[in-house]
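Count residues from 1 along the sequence.
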Amino acid sequence: MVYHNLKALIKGIRACKTVADERALIQQESAAIRASFREEDSFQRHNNIAKLLYIHMLGSPAHFGQIECLKLVASPRFSDKRLGYLGIMLLLDENQEVLTLVTNSLKNDMNHSNMYAVGLALCTFANIASEEMSRDLANEIEKLLGSSNTYIRKKAALCALRVVKKVPDIADHFTAKAKNLLTDRNHGVLLTAITLVTEMCQIDDAILNEFRTAVPLLVRNLKSLVTTGYSPEHDVSGITDPFLQVKILRLLRMLGRGDEQASETMNDILAQVATNTDSSKNVGNAILYETVLTVLEIEADTGLRVMAINILGKFLSNKDNNIRYVALNTLNKVVSMDTNAVQRHRNIILDCLRDGDISIRRRALELSYALINEQNVRILIRELLAFLEVADDEFKLGLTTQICLAAERFAPNKRWHIDTVLRVLKLAGNFVREEILSAFIRLVAHTPELQAYTSSKLYLALKSDISQESLTLAATWILGEYSEVILQGGIVDDDQTIVITDKDLIDLILSILDSPYANYLVRQFVLAAVTKIAARSTTSVPEQDRIAEVLAKYTTSPELELQQRAVEFASLFSLGETRIGVLEQMPPPELKATVMGVVSERKPVGSTKGKEADLLGDEVPSTPGGSVSSQPAATAQSNQDLLAEIFGSSSTTNSSSPPPAAPQQKSTVDDILGLFGSSGVHTTTSPPIPPQSAAPPSFPSTPATAFAPSQAISTPTAPVPPQQQRPAYSAYDKNDLKITLTPQTSPTKPGVVMILARFQVAGSEAATGLSFQAAVPKSQQLQMLPMSNPTINPGSVETQQMRVVAPAGSNVRLRLRIAFTIAGQAHQDQVDFNGFPPGLTGAPS
């Protein structure tokens, strides 16, 4: 059945009972329409196109009607043109070849005497214009921008916007006409003109500078909108044309950014808008929000900035969640601009932590972090700890990190710092980073006057709860290290002293082994702690025997690391006095600021700038007992420092260490240093450094090994000449990462080449997760030290030391594999490097 018009087709399709019936009817009608097109039936063309567009809307193919739409456009009748242009907009896009046939029809209709026919052509152009069509009709669009008809000017401005987006290089053709449109009294024309000018200013800075002269005109237009009384044609909830006001504010924001003169011109009107706009309606809040953004981006007065931040503070008390979220999000961006102004709204920001919306809680939390300083650290940390008690698990990792870092930087005293971290460990010990735990142990080690207090608190906390992993680890380590303090002085609890025996302490620590919360790391800490306790003079013989039994039990543990520790600790029990010396109390480890990465959205934390800082953020004097090593930016550690660090020695004399017995004694480190031509300098023992990541694995074909004490040889008695350092050779320079290799040789060590690899980033983004692997031919041997830092920040230099042993006279060749992530994009490359000069390994024997 053939349907003669659209109404009949719609009725027939609705009468279908199944999808199959509907599909069959559409196929039948499409065939009839194609037959009618072949017969060139001009009388039915209008109805056929109307039916075809309905079929297209239902999702069936209708592309065969494209040419018939062009024929309708060529018709002198307006109804045919309207349907033809509608069909072109629906059935064509800018990638169709048929589009070139439309250009001439559009050009003709743009010069039509009927304004509505011109409007149809402009509307079609704005929807489907390609780059080629935009170039062809740009002059026609420019001409229509000066039309006396507001209807045509408005549509021509939108077409000019399409041209500017498609062909940015001809945007300057519309500058003069766009300036004239800004003086138009018609709101529709003015709205489209400002949209056009905004797009042009984004494309070309020269156009932006040219339109800065129009700032007084825009200010005058905005002032007329603010001061105009009730206008029924443009009124929205009692505000005159809020859409136009928002567009003007956005353009002013762009024009005033970085220009003091333009900003000065718009200061008064911005203050007027901020004070006169009704904030009880959503429309008024939208205008106020745009005003705030404009004030914060231009070179505004200080008073105006404070007013803008106060408006955001008022938004925080709004009942609408969207408005509160927008306010918190904006305050997060401007808190670094004027922290004091944001501090005035601290209470209401903290109230948002109790909001039912998780997005608002997250934004309020980030803002709370940024507000912490020396004056309010007690108040804000107390609020954050209260929030930690009820926070969702997804917040706890970042929250514990931020609280501990804030305590580290702004703590009024060490007692308060320790109490804060202890509270965090009790509330969320399963969500504490390893770096935070290490910093806490360093703090306790450097605070001997509070070691008894901290040990007492941890003893009581561990007795009441062993489910928090970090609390268990901290308590186990500190109780094992400072057991004598609490065994001699007792546990201090609420101003009363509780005497405990070595059996009580060992019972508590060993009870951890039987708990369901004891993982392999906790068990390792427990074994180390009880072994330390057994070495103290305060431990009775029965308890020492008990500890020896526990260690013997774990010597057959299936966990390799646990078994190794148990075997080593059990062996120490047969060494008598040597055991006491090995297990004596560790000297305080080196102080350093805890530097974390990004623990929440776009919020770097824990960084210290300008000076070296201790755990409390205070400057540390460079005394022999408490020196702080700064992280070098452009210099690498010497071979001696690197090796000394690996073997647990320090080049700085510790004031608590005994003086060397005899100058002729050499340590193992001294012997190893002899391999590299360094003089044997006596180094004193420093606290063991936490295990570092192993050297990058070499490729399967490479016999690369790590430095080990068994490779040591005696230091030569003759004076060793200094190593010869050669220039740096570029090994890799791609994807914003640059790697250079600097070889060093010694005449007395032919065949041994020390290579220092330096890593730098060229852009403004940090390279993270750097993995640097190297391989050498089978005739050579490669040894690598750990990298100084796998994260390379802009402006800093990270290093890695390598040592190649090659036959004398051979060339050093390296195969490098580099993997890293920069700006969120992962890169992996493999390069062969043979850029070292020949003869580096010396003459062949």
Peer 1: Under a 4.5 Å cut-off applied to non-hydrogen side-chain atoms, are Met802 and Leu782 in contact?
Peer 2: yes
Peer 1: Side chains of Val522 and Thr476: does their closest heavy-atom pair fall under 4.5 Å?
Peer 2: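 Val522 vs Thr476: side chains apart.
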Peer 1: To the nearest 0.5 Å, how far apart are CZ in Arg382 and CZ in Arg423?
Peer 2: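 Taking CZ in Arg382 and CZ in Arg423, the distance rounds to 12.5 Å.
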Peer 1: Got a donor-acceptor contact below 3.5 angstrom from the Thr454 side chain to the Gln451 backbone?
Peer 2: no
Peer 1: I'd like to know if the side chain of Ser515 and the backbone of Ile512 have a donor-acceptor N/O pair within less than 3.5 Å.
Peer 2: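 Yes; judged by distance alone, with no hydrogens or angles, the pair exists.
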Peer 1: Using 4.0 Å as the upper bound for N to carboxylate O, is an ion pair formed by Arg523 and Glu559?
Peer 2: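 Salt bridge: yes.
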Peer 1: Is a donor on one side and an acceptor on the other found under 3.5 Å between the side chain of Asn373 and the backbone of Gln375?
Peer 2: yes
Peer 1: Could you tell me whether the side chain of Ile547 reaches within less than 4.5 Å of the side chain of Leu551, counting heavy atoms only?
Peer 2: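 Yes, close enough: below the 4.5 Å cut-off.
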Peer 1: Please find the pair of heavy atoms, one from Ala445 and one from Pro588, that lie closest to each other, and give the distance.
Peer 2: O-CG, 3.6 Å
Peer 1: Calculate, to the nearest 0.5 Å, the distance between atoms OG1 and CD1 belonging to Thr472 and Ile466 respectively.
Peer 2: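 Between atom OG1 of Thr472 and atom CD1 of Ile466 there are 6.5 Å.
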Peer 1: If you round to the nearest 0.5 Å, how far is CD1 of Ile792 from CD of Glu798?
Peer 2: 6.0 Å
Peer 1: Between Tyr453 and Asp419, do the side chains contain a donor N or O and an acceptor N or O under 3.5 Å apart?
Peer 2: yes
Peer 1: Stepwise, does the salt bridge (charged side-chain N to carboxylate O under 4.0 Å, His left out) test hold for Arg546 with Asp507?
Peer 2: CA-CA 10 Å; Arg546 180 183 172 194; Asp507 284 345; 2.5 Å; yes
Peer 1: Taking 4.0 angstrom as the limit, do Glu484 and Lys532 come out as a salt bridge?
Peer 2: no
Peer 1: In Å and rounded to the nearest 0.5 Å, what is the CG to CG distance from Leu460 to Asp465?
Peer 2: 13.0 Å
Peer 1: Salt bridge check, Glu366 against Arg363: does any charged N sit closer than 4.0 Å to a carboxylate O?
Peer 2: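 Answer for the salt bridge query: yes.
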Peer 1: Decide yes or no on side-chain contact (heavy atoms from CB on, under 4.5 Å) for Leu422 and Phe440, but give the supporting numbers first.
Peer 2: CA-CA 9 Å; Leu422 284 173; Phe440 175 65; 3.8 Å; yes
Peer 1: Please assess Lys553 against Glu549 for the test salt bridge (charged side-chain N to carboxylate O under 4.0 Å, His left out), listing each intermediate value before the final yes or no.
Peer 2: CA-CA 6 Å; Lys553 173 185 172 183; Glu549 290 178 7; over 6 Å; no
Peer 1: How long is the span from the CZ atom in Arg346 to the CG atom in Asn376, to the nearest 0.5 Å?
Peer 2: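 Rounded to the nearest 0.5 Å, the CZ-CG separation comes to 5.0 Å.
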Peer 1: How long is the span from the CD1 atom in Ile533 to the CG atom in Leu583, to the nearest 0.5 Å?
Peer 2: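 Between Ile533 CD1 and Leu583 CG, I get 11.5 Å after rounding to 0.5 Å.
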Peer 1: Just by modelled atom types, is the Asn430 backbone N or O under 3.5 Å from a matching donor or acceptor in the Glu469 side chain?
Peer 2: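 No, the answer is negative, given that no donor and acceptor are paired below the 3.5 Å cut-off.
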Peer 1: Are Leu443 and His417 close enough that some pair of their side-chain heavy atoms sits under 4.5 Å apart?
Peer 2: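 In short, these two side chains touch, coming nearer than 4.5 Å.
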Peer 1: Between Glu383 and Ile349, is any pair of side-chain heavy atoms under 4.5 Å apart?
Peer 2: no
Peer 1: Checking Phe569 now: which residues fulfil ring pair (Phe, Tyr, Trp, His ring centres under 6.0 Å) with it, not counting sequence neighbours?
Peer 2: none
